[in-house]
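The structure appears below as structure tokens.
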Amino acid sequence: MKILHLDSSIQGDASATRAVSAAIVARLRALEPSAEVAYRDLAAASLPHITLAGLGSAESATLVDELLGADVVVIGTPMYNFGLPTQLKAWFDHVLIAGRTFRYTAQGPEGLAGGKRVFLALSRGGIYSEGPMAANEHAASHVTGMLGFMGITDLRAIVVEGVAIGPEQREAALSAALDAAGRIELTDAAPAA
């Protein structure tokens, strides 16, 4: 098994998503000890934002090859200002390449990167899964939409929600997320949490 592990939080060791994505990878490696892991810290080693001159660059080709070669993708992303970090958006801009990860047909777009399972470790400062703020959640929906466009629809999300409400809420949400990560099974048909 080949695992592609992406982190995008700018908070380093204080990041909830980094803790959960690492726990997911640890669980996957416990289930498959021979798994190979390719890791990218998109905050520490940011990719350049896409330009017309950089579209389809050698760097993009490397990132696409890395994605296409993975069996499992683990993405750690906080929600910043209702959306995903620009560092993760830049990665998607580099891998959403016509003819490689999707193509346009007379019947509409077709994803070319399917057959992968994605685990999404997502954190939010407030409560966005329900209630009045639910309409402002654009991180998970954006990631899910971009992955789906590439044909990747086997997605499980573990959400750490309300991390900015207070220390007790953060600890409870993080503990529940880490517990969910520790219960992942590769044969699961349903989301992990």
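Bear in mind that the values here come from a model prediction, so they are computed numbers and not experimental data.
Tracing side-chain contacts under 4.5 Å through hydrophobic residues (I, L, V, M, F, W, Y), one reaches Leu6 starting from Leu47; they form part of the same cluster. Following chains of ILVMFWY side-chain contacts shorter than 4.5 Å, one can reach Leu96 starting from Val118, so the two form part of one hydrophobic cluster.
To the nearest 0.5 Å, atom CD of residue Glu59 and atom CD1 of residue Ile50 are 9.0 Å apart. To the nearest 0.5 Å, atoms OG1 (Thr105) and CD (Gln107) are separated by 4.5 Å. Atom CD1 in Ile97 sits 5.0 Å away from atom CG in Leu55 (nearest 0.5 Å). Between Ser60 atom OG and Asp65 atom CG the span is 10.5 Å, to the nearest 0.5 Å. Note that CG of Leu67 is 5.5 Å distant from CE of Met150, once rounded to the nearest 0.5 Å.
Scanning for side chain to side chain donor-acceptor pair (under 3.5 Å) contacts around Thr17 gives Ser15, with sequence neighbours left out. Every residue two or more places apart in sequence or in another chain was checked for a side chain to side chain donor-acceptor pair (under 3.5 Å) with Glu32, and none qualifies. Scanning for side chain to side chain donor-acceptor pair (under 3.5 Å) contacts around Ser129 gives Glu161, with sequence neighbours left out. Every residue two or more places apart in sequence or in another chain was checked for a salt bridge (Lys or Arg N to Asp or Glu O under 4.0 Å) with Glu171, and none qualifies.
Of the possible polar contacts, one joining the Thr101 side chain to the Val95 backbone as a donor-acceptor pair under 3.5 Å is found. In terms of modelled atom types and a separation under 3.5 Å, the side chain of Glu110 and the main chain of Leu112 share no donor-acceptor contact. Listed for the His94 side chain is no donor-acceptor partner under 3.5 Å among the backbone atoms of Ser57.
Between Met146 and Trp91, every side-chain heavy-atom pair lies at or beyond the 4.5 Å cut-off. Side-chain contact between Phe119 and Val20 is absent, with no heavy-atom pair separated by less than 4.5 Å. You'll find the side chain of Ile184 reaches within 4.5 Å of the side chain of Ile158, heavy atoms only. Side-chain contact between Leu68 and Arg100 is present, with at least one heavy-atom pair separated by less than 4.5 Å. Between Leu174 and Leu178, some side-chain heavy-atom pair lies under the 4.5 Å cut-off.
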Under 3.5 Å, which donor-acceptor pairs do the side chains of residues 69-88 form with other protein atoms, sequence neighbours left out?
unit_1	atom_1	unit_2	atom_2	d
Asp71	OD2	Lys2	N	2.7
Thr77	OG1	Ser8	OG	3.4
Tyr80	OH	Ile10	N	3.1

Practice prompt. Before giving the answer on side chain to side chain contact (heavy atoms under 4.5 Å, CB included), spell out for Glu185 and Leu31 the whole-Å C-alpha distance, their side-chain angles and the decisive distance to 0.1 Å.
Written response: CA-CA 8 Å; Glu185 293 294 335; Leu31 294 170; 3.9 Å; yes
Steps toward side chain to side chain contact (heavy atoms under 4.5 Å, CB included) verdict (Arg40, Glu66)
CA-CA 10 Å; Arg40 284 195 178 269; Glu66 195 172 66; 2.5 Å; yes
_Trace of the side chain to side chain contact (heavy atoms under 4.5 Å, CB included) decision for Asp41 with Arg18_ = CA-CA 10 Å; Asp41 185 335; Arg18 286 176 183 271; 2.8 Å; yes
Using the rule given for side chain to side chain contact (heavy atoms under 4.5 Å, CB included), can you reason through Leu147 versus Leu120, listing the C-alpha separation, both sets of side-chain angles and the distance that settles it, and then say yes or no?
CA-CA 11 Å; Leu147 291 169; Leu120 178 63; over 6 Å; no
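Across every non-hydrogen atom of Thr187 and Arg117, the tightest pair is N-NH1, 4.1 Å. Shortest non-hydrogen contact noted between Ala177 and Val160 is CB-CG2, 3.5 Å. Listed here is the closest heavy atom pair of Ile24 and Ala121: CD1-CB, 4.2 Å. Nearest heavy atom pair, residue Met1 against residue Leu186, reads CE-CD1, 3.3 Å. In this structure, His49 and Ala90 approach most closely via the heavy-atom pair ND1-CB, 4.1 Å. Taking all atoms of both residues into account, the shortest heavy-atom contact from Ala140 to Arg124 is CB-NH2, 4.1 Å.
Within 6.0 Å of CZ in Arg170 there are more than 12 heavy atoms belonging to other residues, nucleotides or ligands.
Contacts classified as ring-ring contact (aromatic ring centres under 6.0 Å, His included) and involving residues 141-177 (residues at least two apart or in different chains) are given here: Phe102-Phe149.
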